[in-house]
2 protein chains.
Amino acid sequence: MAREKPAKRKAKSVPLSSDAIIAAAIDLLDREGLDNFSIRNIAKALGVYPTALYWHVPNRHHLIARLIAALFADVLPEPDPDWQVWLKTLFRRYRNVVRAHPNISPLIGGHLVSSASADLKLVEGILATLARAGFAGEDLVSAYNAVITGLCGYATQEFAHVFPDPDGDLKASLTASVEGADPALYPTLAAERHLLLNRALVLRWQNGTESSLEPGFEMFTDALIAGLAQKVHRDGNLE
Amino acid sequence: MAREKPAKRKAKSVPLSSDAIIAAAIDLLDREGLDNFSIRNIAKALGVYPTALYWHVPNRHHLIARLIAALFADVLPEPDPDWQVWLKTLFRRYRNVVRAHPNISPLIGGHLVSSASADLKLVEGILATLARAGFAGEDLVSAYNAVITGLCGYATQEFAHVFPDPDGDLKASLTASVEGADPALYPTLAAERHLLLNRALVLRWQNGTESSLEPGFEMFTDALIAGLAQKVHRDGNLE
DNA sequence: ACCTGAACACCGTTCAAGT
DNA sequence: ACCTGAACACCGTTCAAGT
């Protein structure tokens with residue numbers, strides 16, 4: 001009784017468009033996850049032949065680039081007098097998008113696709129903020145790269161793709177090795193094992209959707225921003 | 001004349017083993033890149049049927065987990081009296097591994113696979129270092145997560161997967177949009193465009209292999225470490 | 001201009017069969 | 001115990017053909 005109407009999404013008549021394709025792609029990714037995210041399944045959801053998409057989108061990579069651009073279209077925060085507050089807000093907004101669409105994590109992670117649809121307003125926003133903070137020249141580029149890394153870094157880890165584990169083998173083996181960690185060899189790990197299990201990166205079998213890593217997000221972003229602030233301050237680049 | 005012997009890797013006789021499979025997988029990933037990295041091609045390199053691998057390795061995910069574990073087996077630095085120096089060394093060693101095997105970036109990025117072969121010595125090393133710095137309880141977990149993020153974050157971005165772009169369309173469109181950025185709309189971007197093009201994340205068509213992002217790495221890791229130091233200092237968690 | 005439909009060269013994985 | 005070999009249910013993408 002759970003599978004009445006198999007999501008007959010397209011009443012035909014409506015013509016295909018690249019926007020409709022991206023929308024269907026986002027919907028599919030959110031509903032079915034990365035493992036079922038394919039050109040063919042997007043086409044199926046649209047009630048159209050797979051090859052029909054190629055009239056509107058050059059290939060899978062560009063489709064993903066546009067999908068990412070669409071999801072992050074509104075991350076840019078309003079201006080703020082305090083550059084540190086602005087950065088923090090940006091980090092938070094970025095994380096919220098990933099949290100709302102966690103399955104994009106692997107698509108952002110180690111891929112350069114995003115460049116295919118660069119959001120210049122976002123780039124300028126970060127650059128202008130860092131320039132205002134006191135960064136210039138090469139240091140501005142470095143600080144910008146540090147910020148972008150911080151932006152993607154935490155969220156993509158927190159909401160990383162969990163590979164299929166029907167029998168719960170991963171949970172079992174992680175629990176066993178953490179619970180059974182020899183205090184002589186791993187004193188800190190053993191002492192804090194209950195806080196760490198499924199809540200510390202590399203010791204998880206679930207991602208941020210089921211087991212939030214928000215405290216670490218606060219720590220990470222605050223530390224990064226504070227470190228950047230200290231850098232400009234120490235170098236005497238004050239306005 | 002460049003393709004004499006097509007790498008006839010296996011003289012047969014030598015029996016298959018999971019270690020041999022991982023070694024062949026690393027070799028394939030390094031030589032051919034992610035786009036040709038498949039179970040079938042690993043098998044081909046070993047001169048064996050694809051399905052033969054399944055006797056030694058449960059599936060693709062576990063194979064990748066073991067591959068990652070093998071590559072990072074030696075990242076853990078020697079002990080150092082200064083916890084900040086130790087962390088910096090760890091960051092640098094991690095980046096060096098990724099730089100030597102850049103094609104793993106997408107496999108680390110937004111995936112939780114690494115958990116399948118957690119390196120407890122590495123985990124303990126980071127935890128012990130942070131505990132020594134003054135972190136405890138929940139803050140220790142948060143700081144640990146921040147460090148792991150920093151570890152993976154920058155390197156996976158710097159050496160991110162570049163999708164095939166035979167006609168150089170990406171380079172052309174990025175160059176055009178950055179070079180032609182309206183100074184009225186994008187003042188900072190326009191002013192520093194020569195420093196940014198292909199060297200700022202999201203404005204690149206090459207990754208760190210061809211266009212190093214090391215200055216940003218220094219900035220990022222120094223800022224993160226300094227920020228963490230400030231955090232423990234401010235909270236008065238000194239020993 | 002836009003979509004169909006067949007086709008190509010791939011995937012990961014299961015499972016029975018061989019030795 | 002370890003590998004072969006066929007088979008299944010998928011991929012992304014090309015290209016000719018339809019309308």
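Lettering of chains follows the sequences in order, A, B, ..., and the numbering in each one begins at 1. Everything quoted here is computed from the prediction, not taken from an experiment.
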Ile21(A) CD1 to dC2(C) C1', straight-line distance once rounded to whole Å: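 Nearest whole value for this atom pair: 11 Å.
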Side-chain N,O (Tyr49(A)) to OP1/OP2 (dG5(C)) below 4.0 Å: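 Checking dG5(C) against Tyr49(A), a side-chain N or O does come within under 4.0 Å of OP1 or OP2.
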dC3(D) phosphate, OP1 or OP2, under 4.0 Å from His56(B) side-chain N/O: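 Checking dC3(D) against His56(B), a side-chain N or O does come within under 4.0 Å of OP1 or OP2.
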Least distance between heavy atoms, Ile21(B) atom then Ile42(B) atom: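 Heavy-atom minimum between the residues: O-CG2, 4.1 Å.
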Non-hydrogen atoms of Lys171(B) and Trp205(B) that approach each other most closely: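 Nearest heavy atoms, Lys171(B) then Trp205(B): CG-CE2, 3.4 Å.
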Gap between atom CZ of Phe159(A) and atom NE2 of His101(A) - 0.5 Å precision: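 Output value for this atom pair is 12.0 Å.
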Point-to-point distance, once rounded to the nearest 0.5 Å, from CG of Leu130(A) to CG of Asn145(A):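 Answer rounded to 0.5 Å: 10.5 Å.
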Cut-off 3.5 Å, side chains only: do [X] and [Y] have a donor facing an acceptor?
X         : Y         : result
Arg204(B) : Ser211(B) : no
His161(A) : Asp35(A)  : yes
Asn207(A) : Thr209(A) : yes

Whether Arg93(A) side chain and Asp74(A) backbone form a donor-acceptor pair below 3.5 Å: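 Judged by distance alone, yes, a pair lies under 3.5 Å.
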Expected output: side-chain Glu158(B) to main-chain Leu213(B) donor-acceptor under 3.5 Å: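 Such a contact is found between Glu158(B) side chain and Leu213(B) backbone.
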Within the 6.0 Å centroid threshold, strictly below: His62(B) and Phe163(A):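 So the answer is yes for these two rings.
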Stems formed with participation of DNA chain D [Watson-Crick or G-U wobble, under 3.5 Å, three or more pairs]: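 Stem list for DNA chain D: C:4-8 with D:12-16, C:12-16 with D:4-8.
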Sorted by number, the residues of residues 161-169 of chain B with heavy-atom contact under 4.0 Å to DNA chain C: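 Those residues: none at all.
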Nucleotides 11-19 of chain C: protein proximity per nucleotide (B base, S sugar-phosphate only, - neither; heavy atom, under 4.0 Å): BBBB-----
